[in-house]
Protein chains: 2
Amino acid sequence: MTKPRDERSGAAGVDPEQLWLRPAEPRRGRRPSFSREEIVAAAVALADTEGLEAVTMRRVAAQVGSGAMSLYSYAPDKETLLELMVDHVSAELTDTDPPSGDWRADLKAVAHRQRVHMLRHRWLPAALSTRRVPGPHTLAFLEHALAVLRPTGLDGAAKLEVFAQLTAFVAGQVAYEVAQSTAARCPDRAAAEARYLAAVAADGHHPELAEALAAPGRPLTPEATFTRFLDRLIDGLDTG
Amino acid sequence: MTKPRDERSGAAGVDPEQLWLRPAEPRRGRRPSFSREEIVAAAVALADTEGLEAVTMRRVAAQVGSGAMSLYSYAPDKETLLELMVDHVSAELTDTDPPSGDWRADLKAVAHRQRVHMLRHRWLPAALSTRRVPGPHTLAFLEHALAVLRPTGLDGAAKLEVFAQLTAFVAGQVAYEVAQSTAARCPDRAAAEARYLAAVAADGHHPELAEALAAPGRPLTPEATFTRFLDRLIDGLDTG
DNA sequence: TCTATTCTCGTACACTGTACGGAAAAGAGG
DNA sequence: CCTCTTTTCCGTACAGTGTACGAGAATAGA
């Protein structure tokens with residue numbers, strides 16, 4: 001990792017006008033051998049199957065059959081490639097029904113779509129955790145969410161805030177859910193952790209933990225927990 | 001980055017029993033020149049002032065005045081050092097009053113403490129996003145949270161779930177809040193983004209966005225938004 | 001003093017993002 | 001046709017990463 005970019009430690013990112021409102025075609029010079037779409041799709045495929053840490057410039061390039069440095073003709077840096085990836089998969093969210101009028105139900109549906117979307121692309125919560133400029137597909141989905149929120153009568157800033165916070169909420173829940181499920185996939189690690197917690201509970205200084213581990217209750221499905229939290233959150237939202 | 005560890009791609013992490021329940025002292029061989037506490041504190045200081053990406057083995061070592069490889073006598077790898085950092089700062093959360101009996105108020109106080117804690121250590125949301133085994137300080141705070149939840153009558157698994165989800169919620173909100181504030185610190189970037197959004201809004205395909213930007217309403221403070229969401233979440237929680 | 005054990009840390013290696021610059025390809029103008 | 005300009009392609013190089021290895025230093029028990 002090296003960042004000899006001129007940017008000083010403040011914020012990063014590329015001019016969104018140059019990125020998303022591209023000047024179409026320069027019609028001069030060598031024709032590109034690849035498309036941005038193709039490269040971003042390869043990066044997404046890599047992240048989907050092997051995780052975000054497998055997305056390196058060299059591996060993406062190998063996937064599309066180019067040299068590593070060629071990618072820099074399509075995205076100015078890796079950070080931007082990640083932004084493109086996020087917007088690329090957001091295209092899966094843009095086939096939306098018009099709002100039904102019951103904004104709470106519609107908003108819950110929005111959140112559920114986001115959840116299954118993030119579960120399909122498990123790297124999304126991590127990729128969303130840094131600030132990004134919304135691309136066209138993200139904006140299309142935002143447009144839908146704003147339409148859903150229209151009956152609330154909230155003002156502009158409040159509607160945007162609700163959408164952002166809801167997305168952060170879903171990302172947090174999915175990140176936790178994904179962490180849980182990958183931890184459970186490794187039984188000896190899980191067993192070691194259980195032994196450790198049992199040892200802590202047995203030391204006498206953690207009576208509440210001891211009791212919680214002793215009386216576990218029936219196991220909860222992540223989806224049910226998500227739905228319960230989400231319902232509480234949205235049912236309680238003030239209108240106007 | 002290289003991970004020639006024997007672990008196969010499944011899960012990572014170190015045996016928590018060996019990590020947290022350490023055998024005290026071996027009383028043989030060369031005496032350690034540093035303490036784990038000292039090293040972890042240096043890493044935390046680095047993360048607090050320069051961000052998580054400044055926490056490299058070499059920089060931490062330089063901070064405590066050792067060679068980079070010496071750190072591996074105190075933590076088996078960087079991942080573990082991060083776990084130690086998380087638990088280290090969690091010590092700031094362990095001076096808790098006993099539950100008042102009003103569990104909703106107590107739980108809101110827990111979340112607010114977590115929020116200011118994460119705002120003090122802005123790298124925490126990112127560090128928490130991967131699965132970690134709770135260390136002693138984290139367990140002490142968990143013990144408090146479980147005590148707070150006692151009046152709810154929830155079973156063990158449900159109480160643990162509520163705590164985990166609440167933590168994920170707070171982390172998500174704080175991550176968003178931090179991203180917002182660092183973006184606002186760079187005025188030309190913010191202006192470029194505003195121009196971009198205005199251009200999108202003006203294209204006629206985003207009427208809701210156009211209206212939201214045109215009627216912004218008065219600006220919201222992050223804390224007020226957090227409180228509103230949190231209250232809705234907790235007031236709506238079912239009891240047992 | 002010898003030996004076992006532990007910590008210290010210089011060196012080395014595989015890997016990262018990316019600056020640089022030359023070569024290749026394509027259109028425009030002669 | 002040749003050039004000029006512009007754009008893409010990509011090999012090479014470099015600074016910086018986590019960490020394996022192993023030689024040396026320090027300490028405790030024999």
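Convention: sequence-line order gives letters A, B, ...; per-chain numbering from 1.
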Subject >> N or O in side chain of B/S33 less than 4.0 angstrom from C/dC7 OP1/OP2 >> reply: no
Might you list the N or O atoms of the protein lying below 3.5 Å from N or O atoms in nucleotides 21-29 of chain C, with each pair's distance?
{"unit_1": "C/dA24", "atom_1": "N3", "unit_2": "A/R30", "atom_2": "NH1", "d": "3.4"}

Subject >> Neighbour count >12 (heavy atoms, 6.0 Å) for atom CD, B/Q180 >> reply: yes
Original post:
Is the closest side-chain donor-acceptor distance between B/S90 and B/D87 under 3.5 Å?
Top reply: no
**OP:** Measure from NZ on A/K78 to C1' on C/dC15 and round the result to the nearest Å.
**Re:** 12 Å
Original post:
Thinking salt bridges, do B/R113 and B/D95 make one under a 4.0 Å N-O criterion?
Top reply: yes
**OP:** Could you tell me the separation between the CD atom of B/E79 and the P atom of D/dG18, rounded to a whole number of Å?
**Re:** 12 Å
Original post:
Between A/R132 and A/T130, do the side chains contain an N or O donor and an N or O acceptor separated by less than 3.5 Å?
Top reply: yes
**OP:** Measure the distance from CG on A/D77 to C1' on C/dT16 and round it to the nearest whole Å.
**Re:** 14 Å
Original post:
Is the closest side-chain heavy-atom distance between B/R59 and B/E50 below 4.5 Å?
Top reply: yes
**OP:** Would you indicate, yes or no, if C/dT8 has its OP1 or OP2 atom less than 4.0 angstrom from a side-chain nitrogen or oxygen of B/S73?
**Re:** yes
**OP:** Can you tell me the distance, in whole Å, between the CG atom of A/L71 and the P atom of D/dG11?
**Re:** 12 Å
**OP:** Measure the distance from CE on A/M57 to P on D/dT12 and round it to the nearest whole Å.
**Re:** 19 Å
Subject >> Heavy-atom donor-acceptor pair, B/R58 side-chain to D/dG16 base, under 3.5 Å >> reply: no
**OP:** By nearest nucleotide on DNA chain D, pick out whichever of A/G65 and B/T56 is the more 5' one.
**Re:** A/G65
Original post:
Reckon A/S70 has a side-chain N or O less than 4.0 Å from the OP1 or OP2 of D/dC10?
Top reply: yes
Original post:
Quick one: do the B/D48 and B/W123 side chains pair a donor with an acceptor below 3.5 Å?
Top reply: yes
Original post:
Distance check: side-chain N/O of B/Y72 vs OP1/OP2 of D/dG18, anything under 4.0 Å?
Top reply: no
Original post:
Taking the side chain of A/Y74 as heavy atoms from C-beta outward, which of D/dT8, D/dG18, C/dT8 is closest to it?
Top reply: D/dT8
Subject >> B/E92 atom CD, neighbour heavy-atom count above 12 within 6.0 Å >> reply: yes
**OP:** Send over the distance from B/E53 CD to C/dG17 P, rounded to a whole Å.
**Re:** 16 Å
Original post:
A/P32 has a side chain; which of C/dT16, D/dG18, D/dT8 sits nearest to it?
Top reply: D/dT8
**OP:** Measure from CG on B/L82 to P on D/dT19 and round the result to the nearest Å.
**Re:** 10 Å
